[in-house]
Amino acid sequence: MNSGWTWSYQGYDPQAERLRETLCALGNGYFVTRGAATETPAGPVHYPGTYAAGCYNRLTSTVAGRQVENEDMVNLPNWLPLRYRMCPSDAPPGPWLSPDHPQLAEHRQTLDLRHGTLTRWSTYEQEDGRRLRVKQTRLVHMGDPHLAALRTLFTADGWAGEVEVETGIDGDVRNDGVARYRELASRHLADWECGHEQGDTVWLSCRTLDSDVRIALAARIQVGSGRGVPPRTTERGGQRVGQRLRLPVLGTGSTAVVDKTVALYTSRDPAIGSPLRAAVDGALAAPDFPRLLATHRAAWEHLWERAELEVPGEAGEILQLHLFHVLQTLSPHTAELDVGVPARGLHGEAYRGHVFWDELFVLPFLNLHLPEVSRALLDYRHRRLPAACRAAREVGRAGAMYPWQSGSDGREETQQLHLNPRSGRWLPDHSRLQHHVGSAIAYNIWQYCQASGDMEFLYGHGAEMLLGIARFWADCATWDPSIGRYRIRGVVGPDEYHDSYPGAAEPGLDDNAYTNVTAAWVLRRALDLGRALPEACRRELCERNHLGEEEMARWDDIAHRLYVPYHQGVISQFAGYPDLAELDWAEYRRRYGDIRRLDRILEAEGDTVNRYQASKQADVLMLGYLFSPAELADVFRQLGYALDDDIWRRTVEYYLARTSHGSTLSALVHAWVLARVRHDDAWSYCEEALTGDVADLQGGTTTEGIHLGAMAGTLDLVQRGMTGLETRDGALWLAPAPLPQLSKFAVRIRYRRHWDIGLALRAERVRVAVPVGGNGPVHVRLGGRTFTVAPGADRWLGLPASHSGYPAP
Ligand code: BGC
């Protein structure tokens with residue numbers, strides 16, 4: 001179905017169409033358009049969504065007798081519409097054609113990853129044998145983020161006459177892509193206006209209802225190489241605008257071409273007078289299709305150079321697709337925008353385009369290729385620091401409490417109720433208690449600064465956020481004299497299945513190990529940073545934040561004495577976890593087959609997953625994902641706990657047997673953690689992480705958007721997981737743990753001032769290549785030794801004997 005740089009589908013399959021639309025979506029970081037057919041509007045089979053990064057709107061709905069507010073990433077007017085029919089000179093016009101029409105005889109489509117184009121070939125055949133071959137290529141321009149283009153070629157076979165084409169912009173769209181949200185309000189657009197300019201260009205403008213973002217699209221419609229011929233009619237409805245034209249085809253083999261060039265602007269864009277003027281001018285001034293294609297391809301070539309990853313075989317092909325979608329969601333253009341990391345890409349409406357902790361799986365990858373994008377994504381968080389501080393104050397806490405789900409202004413966007421499609425019941429959603437999102441932001445700040453060396457950010461915006469998050473954790477920690485430890489109570493960990501104790505009146509759990517360990521890490525990093533800041537900077541920051549020695553001394557105390565529960569020689573997910581019932585996993589698998597969403601199954605049975613030792617995704621094991629064994633053992637030592645190889649391996653086995661992997665992040669984290677301890681099952685989790693989206697393993701969720709965290713995470717699994725790469729203390733630290741199935745690969749990374757360091761792994765050896773240039777040597781730490789690789793040098797280093805890296809018991 002694919003080979004190297006292309007991703008292809010043979011034949012038309014209505015059942016698979018929505019999945020293909022997601023996987024064949026095209027974008028440039030500014031906006032993404034799903035790979036939907038141009039011939040049909042949204043319906044059960046097709047969903048032509050277009051989404052601009054950061055364009056949200058809020059609506060109120062009534063569900064289960066309650067008024068609920070939701071903020072959604074808005075589905076924008078559809079620029080794709082283009083349909084056609086055969087008008088033979090000796091017969092009446094045929095029907096309007098589309099892949100759903102019975103006259104479809106052949107169909108295939110190919111996504112060209114290297115050049116960022118989607119091409120569809122269709123052949124339609126009438127009963128009398130007359131055929132129309134259609135080839136359509138589209139792009140969303142990677143160089144000019146406001147442009148997209150669609151070239152359609154029609155070739156007649158066995159007839160002569162005209163092809164009638166109808167094409168335009170459809171503003172009559174709503175957010176209708178996720179079945180679970182259908183009871184919610186979905187009309188985000190209002191005040192449509194339409195028009196046309198210079199004969200061949202149509203435009204449509206509108207605005208979002210509450211956020212009042214003005215949106216404008218203009219489409220220039222050109223025929224062949226010239227403009228304005230043959231005659232066309234412009235049609236304007238209330239929410240649609242388009243043109244109809246007839247293209248002559250002279251006989252068999254005769255081809256007619258129509259090009260549609262689209263410009264999209266919103267009132268969030270800088271350097272424009274009005275979105276409408278910018279869109280119309282953009283469409284009118286855009287080069288013709290061949291020249292647009294050439295500059296688009298060149299922009300992609302440059303981008304690929306900055307994110308090269310060579311992995312042989314099928315895994316390599318899927319990774320290439322993942323990289324393509326990561327770069328389409330978060331491209332160099334993202335560095336100019338005020339946007340976060342949307343959990344489901346800009347590829348669909350699941351999770352409403354919200355920003356979760358998933359950036360934890362994305363930024364470490366970007367840091368080593370597009371650090372300016374990482375910084376912009378962290379600035380999105382920094383601009384919302386006041387909102388996070390306000391949220392903390394509202395619950396009586398100090399510091400910054402970042403929202404579990406973030407959108408336009410940084411307030412908490414987690415839905416109040418969610419629907420269990422299995423039972424049809426709307427249930428309270430307590431996932432907002434996942435305050436560990438703050439630690440993810442702190443972790444990313446630290447990682448970004450280590451990889452990029454951006455001290456200006458660390459000492460400025462980074463420090464402000466880190467201090468705010470540390471202060472929040474310190475204020476959450478309460479001293480419990482009965483155990484002689486600090487505790488953080490009433491939270492939810494990464495495993496969303498557990499949001500309260502069975503039968504408890506209030507939601508929340510106590511002493512979530514992941515939350516506490518990462519909180520201790522954040523406090524320590526904040527203190528380290530406090531010490532490292534230049535004196536004037538430290539004074540200013542402390543004065544501005546009213547931070548004194550006494551408060552920092554308390555942070556230090558908490559960083560050493562937060563509670564981490566254990567049971568049966570393993571780290572407990574939270575206090576009381578071992579008291580929960582064991583689930584009969586075999587029985588549930590037998591009865592339901594796929595039990596990834598065990599929470600929904602149990603709720604539909606009238607039970608609750610809260611009663612069981614059953615996790616949706618990695619929780620304790622996330623610690624082995626975030627931290628190298630040495631660093632994790634160090635945090636535990638600081639807390640006064642033992643963490644050795646035995647405890648860690650037992651902990652891994654314990655949760656492996658009790659996790660349903662109801663999130664795509666879970667397989668990824670398990671692949672990473674199991675690979676690091678050389679577990680036999682590592683590859684099967686790796687395969688699951690790789691195929692999560694291409695095979696839609698979570699059953700229909702990829703149709704609603706990619707899983708960006710898992711996609712970027714698989715890239716990072718190779719880049720950092722297999723190599724054990726860390727960027728700290730001015731060196732590249734390597735501790736390779738390659739899987740036999742992934743033991744040969746090469747990546748190029750950007751590390752501080754070095755733009756193009758090559759890392760390659762081949763049987764038992766690792767290669768480090770530093771490009772010629774004036775940026776000095778690179779220090780590499782491997783197996784307890786330091787190697788220096790000079791500019792222009794290329795060194796092969798032997799791998800040390802394998803060892804998990806956790807201290808021996
Ligand atoms: C996972 C979360 C994740 C969210 C968005 C959920 O299913 O449990 O960890 O942040 O999806 O990707």
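When a ligand or atom number is given, it counts from 1 through the structure's own listing order. Not measured: the values here are computed from a predicted model.
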Per-ligand residue contacts, ligand 1, heavy-atom threshold under 4.0 Å: A343, Y351, F356, W357, D358, W404, E496, K616, Q617, S663, L665

Among L360, L385, I469, side chain to side chain contact (heavy atoms under 4.5 Å, CB included) partner for I441: I469

Derivation and outcome, salt bridge (charged side-chain N to carboxylate O under 4.0 Å, His left out), residues D599 and R597: CA-CA 5 Å; D599 56 333; R597 291 311 301 263; 2.8 Å; yes

Pair H435 + W357: ring centers closer than 6.0 Å: no

Pair H707, R344: side-chain N/O donor-acceptor within cut-off below 3.5 Å: yes

Any residue meeting side chain to side chain contact (heavy atoms under 4.5 Å, CB included) with Q613, in chain and number order, not counting sequence neighbours: Y577, L580, E582, Y654, R658

Close aromatic pair by centroid cut-off 6.0 Å: F627 and W521: yes

